[in-house]
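Please read the structure below before turning to the comments.
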Amino acid sequence: MRRSFLYFICSVSAMGGLLFGYDWVVIGGAKPFYESFFGIASDPVMQGVAMSTALIGCLIGAMVAGMMADKYGRKPLLTAAAVLFTISAVATGIFDDFTLFNIARFIGGIGIGVASALSPMYIAEVSPANIRGRLVSLNQMTIVLGILAAQIVNMLIGQDAEKQWGEQWGWRWMFWAETVPAALFLIMSFFIPESPVYLALKQGRANGQKAAAANDDDKQVGSLAAIWKGWRDVVILGIVIAVFQQWCGTNVIFNYAEEIFKGAGYDVDGMFINIVITGIANVLFTFVALYTIEKWGRRTLMLIGAGGLGLIYLTLGCCYYLNVQGVFMVALVVAAISCYAMTLGPVTWTLLAEIFPNRIRGVAMAVCTFALWTGCCTLTFSFPSMNAALGSSGTFWVYSGICMAALLYLYKRCPETKGKKLEE
């Protein structure tokens, strides 16, 4: 396969990550505007419903993605995700009814769940071993670009929403802006080939024997019970890595940036600007990951991420405890985002795409992606309660403890996959 074509098909697949990032973050900026429009600004239950419907869709999308990809192929599922993103982007901004609004968000969430499982897996299966980590990390790069795009759109619309857009239209355009990349992803998905690993598995099933281009490791095992029985240790490792990527705590900065920066003493305008600063840092240090992942290795970066975040959160918690405000707090938040972006963010997806044998990768990736989104849901739901009960200082100390515990686990259990073929 020509290198230029390889980059093309990996970039198309990674567009699922871009939409994943945008769709995941855009609701944070739209939150104060649609809450006012739907009359739920003083109803915490309905606020929680609006924030969680997409996450529930993520769980369902992740749960079915792997098994459907093993049955129908990787390419059709990527196209299906693009269709879901497009429908959700248009519908979320159109509906005036709160129930229909949530249904549209739920559809988009299914697309996120499918894309988050399929995009890194597809890239890993079409990439040569010597650059596979860099190419799979391209998926994380598009995720953070999608996050940054959502943050910029939210800032441009949100700062002058009442003057230029009005309560009726500002939040709608935040969602509609996703339509352009979603439609482009849909069109380009028809121009990529099917994964060679899936074709080998399909041929092996059709012939009742291993495909000529595969080895014994490529005989597919589709039963979740069989996978758990035969590959329990590696599945547990994948689940721990997936959940830790969420429970390291960094994603609360994206989901609850308003509360975090207001707690650090910033007004609304300052909050939006600081959110964009964190998005820029997220992108820049993901570029660092593209360079280091093939040089330093996956295991090293995971250990740096766990230990680094543990120390940063310990310091951040102390600063909240001492009522420190201003630019130093922003610097700590940016440091946390930067550490995450060059380690746990991209490396998690690379490891999950690499550590499973070909014959169980589809289902195992679905299990781990489901675990990841379960971690995201529990993190999102628990943060307000933890913050209320423990304060910002205690909450970040809890995240610091989780990171240190994960550091010990990863030191003992995480393998190095750099430079190895998927069959290895």
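The figures that follow rest on heavy atoms only: side chains count, while hydrogens, waters and symmetry mates do not. The structure displayed is predicted, hence computed values, not measured ones.
Between S119 and W349, the side chains place no donor N or O within less than 3.5 Å of an acceptor N or O (distance only, hydrogens not considered). Looking only at atom types and distance, the side chain of T250 has a donor-acceptor partner in the side chain of Y313 under 3.5 Å away.
Looking only at distances, a side-chain donor or acceptor of R361 sits under 3.5 Å from a matching main-chain atom of A353. Within the 3.5 Å criterion, the main-chain N or O of G310 finds a donor-acceptor partner in the side chain of S400. A donor-acceptor distance shorter than 3.5 angstrom exists from the side chain of N102 to the backbone of F98, with no hydrogens or angles considered. The main-chain N or O of L379 is found under 3.5 Å from a side-chain atom of S382 such that the two form a donor-acceptor pair. Using modelled atom types, no side-chain atom of E35 and backbone atom of Q47 make a donor-acceptor pair closer than 3.5 Å. Side-chain atoms of S13 never come within 3.5 Å of backbone atoms of C10 as a donor-acceptor pair (strictly under, hydrogens ignored). A donor-acceptor contact shorter than 3.5 Å links the side chain of K75 to the backbone of I192. Side-chain atoms of R134 come within 3.5 Å of backbone atoms of L290 as a donor-acceptor pair (strictly under, hydrogens ignored). S88 contributes a side-chain N or O that, together with a main-chain N or O of A104, makes up a donor-acceptor pair within less than 3.5 Å.
Across every non-hydrogen atom of S393 and G317, the tightest pair is CB-O, 3.0 Å. When all heavy atoms are compared, the tightest approach of V235 to F356 is CA-CE2, 4.0 Å. The shortest heavy-atom contact between G305 and T343 is CA-OG1, 3.2 Å. In terms of heavy atoms, S189 sits closest to T79 at OG-OG1, 3.1 Å. A89 approaches W176 most closely through the heavy-atom pair O-CD1, 3.2 Å. When every heavy atom of A242 is checked against every heavy atom of L352, the shortest pair comes out as CB-CD1, 4.1 Å.
In summary, K418 and E294 do not engage in a salt bridge, as defined by a charged side-chain N under 4.0 Å from a carboxylate O. Taking the charged nitrogens against the carboxylate oxygens, R105 and D23 do have a contact shorter than 4.0 Å, which makes a salt bridge. A salt bridge between E194 and R74 is absent, with no side-chain N of the basic residue lying under 4.0 Å from a carboxylate O of the acidic one.
Heavy-atom contacts from other residues, nucleotides or ligands closer than 6.0 Å to CZ of F287 number 12 or fewer. In the displayed structure, Y409 atom OH is contacted under 6.0 Å by more than 12 heavy atoms of other residues, nucleotides or ligands.
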Stepwise, does the side-chain contact (heavy atoms from CB on, under 4.5 Å) test hold for I9 with Y122?
CA-CA 9 Å; I9 63 176; Y122 178 89; 4.0 Å; yes

Kindly determine whether Q140 and V347 satisfy side-chain contact (heavy atoms from CB on, under 4.5 Å), including the steps that lead there.
CA-CA 9 Å; Q140 179 67 17; V347 179; over 6 Å; no

Show your working on side-chain contact (heavy atoms from CB on, under 4.5 Å) between R413 and D233 and close with a plain yes or no.
CA-CA 9 Å; R413 302 292 300 169; D233 289 345; 3.7 Å; yes

Apply side-chain contact (heavy atoms from CB on, under 4.5 Å) to W296 and M342, showing your working.
CA-CA 11 Å; W296 296 1; M342 69 172 288; 4.0 Å; yes

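Between Y34 and W171, the ring-plane angle classifies as perpendicular under the 30° and 60° cut-offs. Under the 30°/60° scheme for interplanar angles, the aromatic rings of Y320 and F396 are found to lie parallel.
Between F20 and the options F185, W373, F85, a ring pair (Phe, Tyr, Trp, His ring centres under 6.0 Å) holds for only W373. Between F101 and the options F106, F37, F175, a side chain to side chain contact (heavy atoms under 4.5 Å, CB included) holds for only F175.
Counting heavy atoms from C-beta outward, W231 and P357 have side chains that approach closer than 4.5 Å. For the pair P415/L237, a side-chain contact is recorded, criterion being any heavy-atom separation below 4.5 Å from C-beta on. Counting heavy atoms from C-beta outward, I241 and C368 have side chains that stay 4.5 Å or more apart. Side-chain contact between T374 and V243: absent, with no pair of heavy atoms (C-beta onward) separated by less than 4.5 Å. Within the 4.5 Å cutoff, the side chain of L332 has heavy atoms near those of the C319 side chain. With a 4.5 Å cut-off on side-chain heavy atoms, V136 and M121 do not count as touching. Side chains of I27 and M51 form a contact here, defined as non-hydrogen atoms less than 4.5 Å apart. M329 has its side chain within reach of L316: a pair of non-hydrogen atoms, C-beta onward, lies under 4.5 Å apart.
Taking the ring axis of F33 as reference, the NZ or CZ atom of R172 does not stay both within 45° of it and closer than 6.0 Å to the ring centre.
To the nearest 0.5 Å, atoms CD1 (I103) and OG1 (T92) are separated by 11.0 Å. Rounded to the nearest 0.5 angstrom, M15 CE and L19 CG are separated by 6.0 Å. Rounding to the nearest 0.5 angstrom, the gap separating the CG atom in L148 from the CD1 atom in I143 is 14.0 Å. A distance of 12.5 Å separates NZ of K31 from CG of N154, quoted to the nearest 0.5 Å. Distance check, rounded to the nearest 0.5 Å: CD1 of I239 to OG1 of T369 gives 10.5 Å. Here the CG atom belonging to L77 is positioned 10.0 Å from the CG atom belonging to L84, to the nearest 0.5 angstrom.
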